[in-house]
2 protein chains.
Amino acid sequence: MTDSPRPRARGADKRRRLTAAAARVLHEQGVERTTLADIAHAADVPVGNVYYYFKTKDDLVQAALSEHSAHLAELTGRLDELPDPRERLKALVETWIGQRDVAARFGCPTGTLAVELDKRADGTLDLEAGKVIGQLVDWAESQFRELGLPGPHDLAITFVAAYQGMSLMANALREPGIMTREGARLIDWLDSLAATGDRVPAPADPTGS
Amino acid sequence: MTDSPRPRARGADKRRRLTAAAARVLHEQGVERTTLADIAHAADVPVGNVYYYFKTKDDLVQAALSEHSAHLAELTGRLDELPDPRERLKALVETWIGQRDVAARFGCPTGTLAVELDKRADGTLDLEAGKVIGQLVDWAESQFRELGLPGPHDLAITFVAAYQGMSLMANALREPGIMTREGARLIDWLDSLAATGDRVPAPADPTGS
DNA sequence: GTCTATATCTAGATAGAC
DNA sequence: GTCTATCTAGATATAGAC
């Protein structure tokens, strides 16, 4: 508030570098196998200096999750500019297919983080990754609702589950082609929706599809 | 070799207990967060004694994977007694739904293990969990082939990916209901197959499963 | 604000007594 | 064959010099 002569100019830069490095390295190596030295080295910051910007390792994990969340928000924000909700969903699948090589090597950044954090018994970060996945579900649900499809929430769950499933399989079997084939199948599924019912209401069919 | 008066009677028992405890605890806590003391305690074996049965921690992880593989083989072996391949697949999905609570808390044992091991850069165990998933894919592929459906391998990938996806989502969002709803959807999908193409012959296929 | 040196703690692994 | 005591490495975190 007082006139501080921007003493944190380079400091903020280092914090940003550490956050970006954490997001990348934690995705590649997982939380438990990654040391602070790994992140510091990737960010080109002296090891001991990390604690000036982040009090604990978990704070860095939280920062990485925020990074993923912001990245997702930016991506969906761009997709929102497309006029048709169905085209937005299909474009998202295309994005995933485009990242098939990294998915086959390291899996979905948020999904694999969720798997690892869910193993925690203490209530520290075990649900934080789930929130980011929930953010994606919410966005997808909005698209399905805008399309007038019945059960938009369940459709969104199915949609995101398909992405997580194909990412895990591509990763476990080290086959990027799984992303391509399952992605195409997912797009077909999006196209098939409402082709059956067409009209909006859908009397009383909670099962959908 | 000589007539040893079964000195390994209790020894073999302890090894079995350690393997079973490893499978359970590694599923619940993950590999990196689980200590040898955790496994020893769960197996009711003194901590230092573990090394008499397993040279390294990774040996215990491998033993847990073998346990999961054997469990899967036993399960599919029972399903193979059903006359119709489609019923076998549907019965498997029912089994998964029946385990929804543990899936929502800890995820699929093999799938979460695969996610964690895939993060390893060294070539130690990073592909071992993928082999167990491949074992499931192979079994499912046999069923689809026996049904005379085109592209049985890809169908098997889709099938297992759906399972992994719904397990991960149920786990990340802590909602067992996802297993129920997505499981029902998966069964509907199985029923819908071949409704399109009707089955092309494959009348007497000697290779079939 | 930045960084080095170091304290502390934990877990994997081993030596050797019983 | 069983178990205890201990060694050692490495990682988080801190104290304090610059």
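In what follows, chains are A, B, ... by sequence order, proteins preceding strands, each numbered from 1. Only a predicted model underlies this, so the values are computations on that prediction, with no experimental measurement involved. Below, each value reflects all heavy atoms present in this structure, side chains not excepted, and no hydrogens, waters or symmetry copies.
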TODO: Report yes or no: does B:Asp154 contribute a side-chain atom to a donor-acceptor pair with the main-chain N or O of B:Gly151 at less than 3.5 Å?
DONE: no
Open item on the list: Short of 4.0 Å, heavy atom to strand atom, which residues of residues 36-48 of chain A count as contacting DNA chain C?
Closed with: A:Pro46, A:Gly48
Task: Mutual orientation of the aromatic rings belonging to A:Trp189 and A:Phe159 [parallel < 30°, tilted 30-60°, perpendicular > 60°] - done: parallel
TODO: Using a strict cut-off of less than 4.0 Å between a Lys/Arg side-chain nitrogen and an Asp/Glu carboxylate oxygen, indicate whether B:Lys119 and A:Glu28 qualify as a salt bridge.
DONE: no
Task: Rounded distance [0.5 Å steps], CG in A:Leu155 versus NE2 in A:His153 - done: 10.5 Å
Task: Side chain to side chain, A:Pro85 and A:Phe144, heavy atoms closer than 4.5 Å - done: no
Open item on the list: Of the listed nucleotides (D:dT12, C:dG12, D:dT2), which one gets closest to any side-chain atom of A:Tyr51?
Closed with: D:dT12
- [ ] For C:dT2, take OP1 and OP2 only and decide whether either is under 4.0 Å from a side-chain N or O of A:Tyr53.
- [x] yes
TODO: Using atom CG of A:Leu18 as one end and atom P of C:dT2 as the other, report the distance to the nearest whole Å.
DONE: 11 Å
Task: Atom pair distance, as rounded to whole Å: CG in B:Asp13 and P in D:dT2 - done: 10 Å
TODO: Nearest whole angstrom, please: distance from the P of C:dA15 to the CG of B:Asn49.
DONE: 16 Å
TODO: Ignoring hydrogens and angles, state whether a donor on the side chain of B:Asp58 or B:Thr56 is under 3.5 Å from an acceptor on the partner side chain.
DONE: no
Open item on the list: Within residues 22-33 of chain B, which residues have any heavy atom lying less than 4.0 Å from an atom of DNA chain C?
Closed with: none
- [ ] Round to the nearest Å and state the distance from A:Lys14 atom NZ to C:dG1 atom P.
- [x] 12 Å
Task: Separation between NZ of A:Lys90 and CD1 of A:Ile187, rounded to the nearest 0.5 Å - done: 7.0 Å
Task: Any B:Tyr52 side-chain nitrogen or oxygen under 4.0 Å from OP1 or OP2 of D:dG1 - done: yes
Task: Side-chain donor/acceptor of B:Arg88 to backbone N/O of B:Leu82, under 3.5 Å - done: yes
